[in-house]
Amino acid sequence: MNGEANPDIRDITLAELEQFFLLHGEKKFRAKQAHDWLWRKSCQSFDEMTNLRKVARQLLKDHFSFNTAVAGIHQKSADGTVKIGFRLHDDQWVEGVMIPSEDRMTACISSQVGCALGCKFCATGRSGFKRNLSAGEIVDQVTGMLGSGSGISNIVFMGMGEPFLNYENVKTAIEKITSDDGLGMSSQRITVSSVGIPRMIKKMADDDPKYHFALSLHAATDAKRDQIIPFNLKHPIKELADSLKYYNQKTSKRITIEYILFGSFNDSATDAQDLANFCRNFPVKINIIEYNPVKESGFTKTSAEKTKAFVTFLEKRNIVVNIRKSRGKDIDAACGQLAGNQLKIKN
Ligand code: SF4
């Protein structure tokens with residue numbers, strides 16, 4: 001068989017791999033050995049699987065390929081944030097960001113090449129949608145970052161793409177990252193951030209996730225949200241709120257709401273009141289995020305005074321609010337800025 005046309009071995013389940021070996025006259029336990037190399041030891045070639053006998057390795061070579069996302073271009077920000085471009089097997093690029101802080105190293109990773117949702121403030125949305133990442137390519141971003149020598153304490157799916165539009169691969173990747181047969185990281189340290197796909201929020205709730213979920217809300221009325229998140233035109237706030245209620249009832253978890261403050265757009269006392277009204281539906285925690293203007297988006301960052309007034313308004317209504325400063329602005333690595341330069345080079 002032509003190696004290039006072969007499926008990525010990381011897209012094959014352990015059960016399928018067992019069937020494969022049995023079908024080709026090999027012992028079933030070879031599958032577990034190969035699986036260990038793939039997910040626990042993060043190997044990138046069949047030749048690394050040294051405890052598989054040669055004939056078993058050749059079988060794998062003949063039928064599968066490695067479509068690894070390879071860490072390429074690194075850019076380091078003045079604040080220590082590092083952006084990494086990952087080259088994919090089909091010559092596409094995605095970006096991931098390592099964000100150091102006093103007590104943690106957060107890996108911000110991508111779930112898709114580009115994004116179809118076209119949010120007006122987001123550089124990724126402006127680049128259009130290319131394709132979903134495979135579970136292996138998602139995990140590669142984590143192992144690539146681990147390979148840079150820094151540990152990772154937290155993972156956020158806040159890079160390129162809408163994770164809930166690539167739900168199954170994101171779910172499989174999280175399983176591989178958290179399982180003892182994989183990287184063994186705690187699911188409590190993983191957050192999946194979504195613009196809010198109601199049917200997928202309900203599906204996630206049914207799946208009883210151990211990871212955290214964060215909603216990118218950014219405006220609490222349809223009149224405003226429609227202007228920045230086109231997806232909201234078809235799936236308005238009421239539908240979104242219903243799905244969040246369902247999630248809260250099913251999981252008993254509070255909802256983390258991400259809210260970027262845009263200057264003179266969603267930062268007034270009325271906007272704060274609208275947000276407080278939205279939050280009456282379920283227990284919440286709000287992260288207020290500083291915006292990094294994306295060229296030609298037309299949006300600006302709000303002032304420090306307005307941010308303070310907005311936060312105070314919410315806190316007086318007993319809502320838990322955190323302010324998230326943006327990091328990595330000078331290398332276009334901050335929230336909403338991943339596009340990225342590599343993609344521009346390629347297209
Ligand atoms: Fe896609 Fe998220 Fe950007 Fe919206 S904000 S376009 S969902 S990547």
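This one's a predicted model, so the numbers in the text were calculated from it and none came from an experiment. Positions are given from 1 along the sequence. Both ligands and their constituent atoms are indexed starting at 1 by order of listing.
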Peer 1: Measuring from atom 1 (Fe) of ligand 1, which candidate in C115, S111, A123, G114 has the nearest non-hydrogen atom?
Peer 2: C115

Peer 1: Parallel, tilted or perpendicular for F121 and F262, by the 30°/60° rule?
Peer 2: tilted

Peer 1: Tell me the protein heavy atom at minimum distance from atom 2 (Fe) of ligand 1, and give that distance in Å.
Peer 2: G161 O, 4.2 Å

Peer 1: Where does the angle between the aromatic ring planes of H35 and W39 fall among parallel (under 30°), tilted (30 to 60°) and perpendicular (over 60°)?
Peer 2: tilted

Peer 1: Check for me whether the distance between the ring centres of F29 and F21 falls short of 6.0 Å.
Peer 2: no

Peer 1: Of all the non-hydrogen atoms in the protein, which one sits nearest to atom 4 (Fe) of ligand 1, and at what distance?
Peer 2: C119 SG, 2.4 Å

Peer 1: Can you say whether the rings of F278 and F282 are parallel (under 30°), tilted (30 to 60°) or perpendicular (over 60°)?
Peer 2: perpendicular

Peer 1: In ligand 1, which numbered atoms sit nearer than 4.0 Å to a non-hydrogen atom of G118?
Peer 2: 6 (S)

Peer 1: With a 4.0 Å cut-off on N to O distance, would you call K210 and D208 a salt bridge?
Peer 2: yes

Peer 1: For atom 5 (S) of ligand 1, which candidate among G125, S193, C122 holds the nearest heavy atom?
Peer 2: C122

